[in-house]
Amino acid sequence: MKNSQLFTKYRKKMIAEGVLKSVLCGFSCGFAVNALVALISFLCGFDAGLWLAVGLGVGCAVACGALFYFLKFRPSDREIARRVDALGFDERMITMLELNGDDSYIARRQREDAQAHIAKASAGLLKFRVPAVMIAAIAVCGACGITFTTVEALAVYDVISDVPEIVNPEFETYLEIRYVAGEGGEIEGEFEQLIEFGMNPEPVMAVANDGYTFVGWDDGQEDPYRDDAGITESNVFTALFEAIEQGDNAVAGDPNEPGGDGEGGDDADDKPVNGGNSDDDANQGGGGGESGGGENNDPNQGGNETPGGDGTGDGANAGGRYDPGNQIIDGETYYRNDLEAYLQEVMELLASDQELTPEEKALIEKYFNSL
Amino acid sequence: MLEEANIKQFSEQCKNIFAQIERDVIGQKAVVEGTIIAMIAGGNVLLEGVPGVGKTRLVRTLGRVFNLPFSRIQFTPDLMPADVTGTNIIVKNDDGNTEFQFQPGPIFSNIILADEINRATPKTQSALLEAMQEHTVTVMGVSRKMNEPFFVLATQNPVEQDGTYPLPEAQMDRFMFKLVVPNPTLDELMGIVNLTQKTMEEVADAACNGEQLLAMRKTANQIPVAEEVMRYAMTLCSATHPDSDCATQAAKKYVRLGASPRAGQALISAAKVRALMLGRFNVSYDDLNTLAYPVLRHRMKLNFEAIAERVSPDEIISMIIKELNGKKAVSANPEAVVSESLAEENAADEPANEDGKGKRKRGLFGKK
């Protein structure tokens, strides 16, 4: 009888045991990979990681199981003989294997002795032997794999929060930024923006309507042009405008020109009758109020009583409120003239610029016009 | 060429030998079996035991059972090498001239009982070295071959150390087995006293002769040893060396000098005999584990730590076997006997049954 036939009943059991061990090892590897991928996906908020984890886990389990079987757990004749000997055959089987092909008397006697012993034994004696470490490995890896996959699945379907949200509760994937114009103005640009966390909103400009002036944003920023950065939460920014009072823009009259009662500017709160708009009439001097002009409603005529008045002092006071549009730099030059010169220069530059888009040019032009 | 007749003869002669020895020696089965295994394997035996436990009687009985010439040398401090090996003496020849003639010493016999061998000086002890290993004796430059089979069965008393000369390692290494002869049990003691009250005569008959003993040795030598089993045997010997690649923790901790290559040879030779005595045609791990005690216990030189902690060589061997076998059950009790193993082997000819009770741990000198 050949050795292979002799071991048939044991071989089946050993193959089954090898398959069982390979399956356990394969599943351990699969679960380990599955757990790893699911964990990484959960930590990174990678939604596709769920199916990637499941796919890789299954693939790894199949591949590793096959590798384990063919490279490690597939029983050889020697391995079977060793296991059978451990049942109490006193190394008869392993010796018989080594003497295979030997036709000497002692080899034959040994073979007969071994065959006689193995014939009396039952295959039931050979118990499945699975190392405890294998069972522990499958338990640990399985628990980790199932747990992490479940968690990732819950995160993907928004049942629980992703790790970034747990770690940083203020984190929002998308931020809603709104720019609201108060009474007397409007917002140039995208006044409602939805941006990703970490990104910056598009710049906007607060533009006052006629008769109003921009006074600032509700968060304290004074520049009507805002280009926000580093925003971490949704927010609403309101641009504040204020109506321009008539007296406000009255420029003190030209001290060289007669007209107006210099004192007229003293009463800043008085509603001017003929007070000019600072844009239009500031250079007219006088800017007289009721008292300044007296009966004389023509600001060009100035007052009869006192020529000019103290244009500097009173004029400044007559403006009532600081406004860069109505200030005198050196007492002789009007800021507006400079501003207009600059404006013109800017417009020329804008017109000649090739890099800016028409929208950007329009935005910048509006900004300067609002000044 | 080995034949069926050789196997049968071996088996029958073993039975006869044991039967005849039992007529004169009560108890001491492990020692008897160990001695017979060593004799069949061609090794020398050192019997260690307190006085009166039957060491000398056993050796004398063996001489009778094997029907071999037997010499007894009582070792004393004043014993000289020439008293053992013999010497050249001046004699007159037939022509009336004087000449040197070799007068053989008591060593020229088949079975030598070296009684209380540790009482002789190292010089005299060493007179046995050549005879024990090469089976030759050289006197005055002439080497003479000993009669075969040749065995030295030495005894020593482990208790009385005054005026003794411990055997050197080289001498120890030439003994295949060192067997510890225990005190008889109560039943054995009663049997001994009953027997000797009737007569002190030795009644054992010859069971085989020298040639048959040599044939038995030849038969046993044919027993195959699987490579794995052989490797395990050599690992067992190497594991006693604290500085070898396969040194065990026990050896590193307690052993200063491990077993020599002779230990490996002795282990395999004796294991083959034991296997055949048990009716098996191959050597098993169990044979090696069981025989490791008598083979290795006198070949290991223990270090100070072992002596200070009173760790015996047998305990160290047990540790080594356990370490080499991991959690595998091994025979580690040097008190069992081959006859018990034989009985088990016959009773449970099936190596194992469904409930696994067939798995045995057995051994020679040894255990179960």
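Residue numbers begin at 1 in each chain, while the letters A, B, ... track the order of the sequences.
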What do the steps show when you test B:Ile7 against A:Tyr105 for side chain to side chain contact (heavy atoms under 4.5 Å, CB included), and what is the final call?
-> CA-CA 11 Å; B:Ile7 303 294; A:Tyr105 171 76; 3.8 Å; yes
Crowded around A:Phe27 CZ? As in, over 12 foreign heavy atoms under 6.0 Å?
-> no
Atom pair OG1 (A:Thr95) and CE (B:Met230), whose distance is rounded to the nearest 0.5 Å = 11.0 Å
Counting distance only, does the side-chain N/O of A:Glu98 pair as donor-acceptor with the main-chain N or O of B:Glu227 below 3.5 Å?
-> yes
Interatomic distance, B:Asn282 atom CG to A:Arg111 atom CZ [nearest 0.5 angstrom] | 12.5 Å
Near A:Lys12 NZ, under 6.0 Å, is it more than 12 heavy atoms from other residues, nucleotides or ligands?
-> no
Positions in residues 264-272 of chain B that reach chain A, provided some heavy atom is under 4.5 Å away | none
Given B:Glu228 and A:Glu91, is the side chain to side chain contact (heavy atoms under 4.5 Å, CB included) satisfied, shown in steps?
-> CA-CA 9 Å; B:Glu228 285 185 26; A:Glu91 284 65 61; over 6 Å; no
In this structure, are over 12 heavy atoms from other groups packed under 6.0 Å from A:Met199 atom CE?
-> no
Short N-O contact, A:Asp90 and B:Arg280, less than 4.0 angstrom = yes
Out of curiosity, A:Arg92 CZ to B:Phe281 CZ, how far, rounded to the nearest 0.5 Å?
-> 9.0 Å
Approximate separation, where rounding is to 0.5 Å, of B:Asn221 CG and A:Ile106 CD1 = 11.0 Å
Examine whether an atom of A:Gln110 lies under 4.5 Å from a heavy atom of chain B, and if so say whether it belongs to the side chain, the backbone or both; otherwise answer neither.
-> both
